[in-house]
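Below is one structure, written out as structure tokens; the observations come after it.
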Amino acid sequence: MNNVAFTICAKNYIGLALILEKSLKKHNPDTQFFIFVADEFEMGYDLNLLPSNVIIAKQVVNLDALEWSDMAFKYNLMEFCTSIKPFCFQYLFDKQNFDNAVYLDPDIYFFNSLDFVLDKLKDHSIVVTPHALNVELKNNSEHTDAFLFTGIFNLGFLALKNDIHSEKMLKWWGSHLKDKCYVDFFDSQFTDQKWMNFLPMFFDSQTLYISRHKGLNVAPWNFYEREVFLEDNTFFVKYRDGQI
């Protein structure tokens, strides 16, 4: 299979994205990796100085000049980087003809391979991971209550297969993100990821795979439920309360 992973960042985050790439390639040498840069470089900057896998997003995504300038003007940097995500997926599928594409936030680091995710894409079109996996009863669910605002799924990771189902999802998602990719407490909106709450309504379990892999997307918002430990020079993750 022809697999690709990518991230989106501003130019000052390219260095961080290269660390992500290094960790990814260590465990996934056959997976290509691209860095989509959301902002532009100053006049006269020698683009040949950039790594060969850096893509200037404005030059390739399917947004006309008016749409691009409108989104760049009204969104802050985080909102804007997330708003162009579906269009970067579409570029990799439509113009580069990749079979599978995995989006990763630039602050992710790999300690193992993508095999689990790519294996799920053999039988599913979309792979997502929830922010948390366990019911939290103590402290009035102080952690999980926050997901009412941020959404059920964390979009620092998203894996898609190039097929009619992901194409439909990307067109729907992209149409909303052109105007509704804000962090808005009043409307309980959180960039691109709150829209993913709709996926279980739109797609059945044969199309959508919701991963409960504890080692996928370990992050500050779920560290209260997961413990990372080292065994035989390999990192593993288990639940802190002893649940299986």
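Along the sequence shown, residues are numbered consecutively beginning with 1.
- Taking the centre of each ring, F153 and H131 stay at or above the 6.0 Å mark.
- Counting only N and O atoms by type, the side chains of Y109 and D107 include no donor and acceptor under 3.5 Å apart.
- Salt bridge status for E42 with K11: present, with a side-chain N to carboxylate O gap under 4.0 Å.
- By the side chain to side chain donor-acceptor pair (under 3.5 Å) test, K25 pairs with no residue at all, sequence neighbours left out.
- No donor-acceptor pair closer than 3.5 Å links the side chain of H27 to the backbone N or O of L114.
- For F6 and F89, the distance between ring centers is under 6.0 angstrom.
- Checking side-chain atoms of S83 against main-chain N and O of C181 turns up no donor-acceptor pair under 3.5 Å.
- Under the 4.5 Å side-chain heavy-atom criterion for Ile, Leu, Val, Met, Phe, Trp and Tyr, Y103 and F33 are members of distinct hydrophobic clusters.
- One N or O on the side chain of D204 and one on the backbone of T207 form a donor-acceptor pair closer than 3.5 Å.
- Note that CG of L63 is 5.0 Å distant from CE of M71, once rounded to the nearest 0.5 Å.
- Note that CZ of F87 and CH2 of W173 are 9.5 Å apart. Values are rounded to the nearest 0.5 Å.
- At distances below 3.5 Å, at least one donor-acceptor pair connects side-chain atoms of Q193 with backbone N or O atoms of T150.
- In the hydrophobic clustering of this structure, W172 groups with V61; members are Ile, Leu, Val, Met, Phe, Trp, Tyr whose side-chain heavy atoms approach within less than 4.5 Å, directly or through other members.
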List, one per line, each side-chain donor-acceptor pair under 3.5 Å for residues 118-128, sequence neighbours excluded.
from : atom 1 : to   : atom 2 : distance (Å)
H124 : ND1    : K120 : O      : 3.0
H124 : NE2    : S205 : O      : 3.3
S125 : OG     : D163 : OD1    : 3.4
S125 : OG     : D163 : OD2    : 2.5

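- A distance of 11.5 Å separates CD1 in I35 from CG in L104, rounded to the nearest 0.5 Å.
- Looking only at distances, a side-chain donor or acceptor of N197 sits under 3.5 Å from a matching main-chain atom of I152.
- Under a 4.0 Å N-O distance rule, the pair E225/R240 does not qualify as a salt bridge.
- Aromatic ring centres of F80 and W68 lie closer together than 6.0 Å.
- Side chain of Q96 to main chain of F93: no donor-acceptor pair is present (N/O by atom type, distance under 3.5 Å, no hydrogens or angles).
- The pair K58-D39 fails the salt-bridge criterion, with no side-chain N (NZ, NE, NH1 or NH2) lying under 4.0 Å from an Asp/Glu carboxylate O.
- To the nearest 0.5 Å, atoms OG1 (T191) and CG (L155) are separated by 7.5 Å.
- Judged by distance alone, the side chain of E79 and the main-chain N or O of N76 form a donor-acceptor pair under 3.5 Å.
- Note: C88 SG to N62 CG = 11.5 Å, rounded to the nearest 0.5 Å.
- Within 6.0 Å of CG on N53 lie more than 12 heavy atoms contributed by other residues, nucleotides or ligands.
- Side-chain N/O atoms of D99 and N2 include no donor and acceptor closer than 3.5 Å.
- Tested against D192 for a side-chain hydrogen bond (donor to acceptor under 3.5 Å, both in side chains), the candidates H176, K180, K85 yield a single pass: K85.
- Few gaps surround CZ on F229; more than 12 heavy atoms of other groups in view lie less than 6.0 Å from it.
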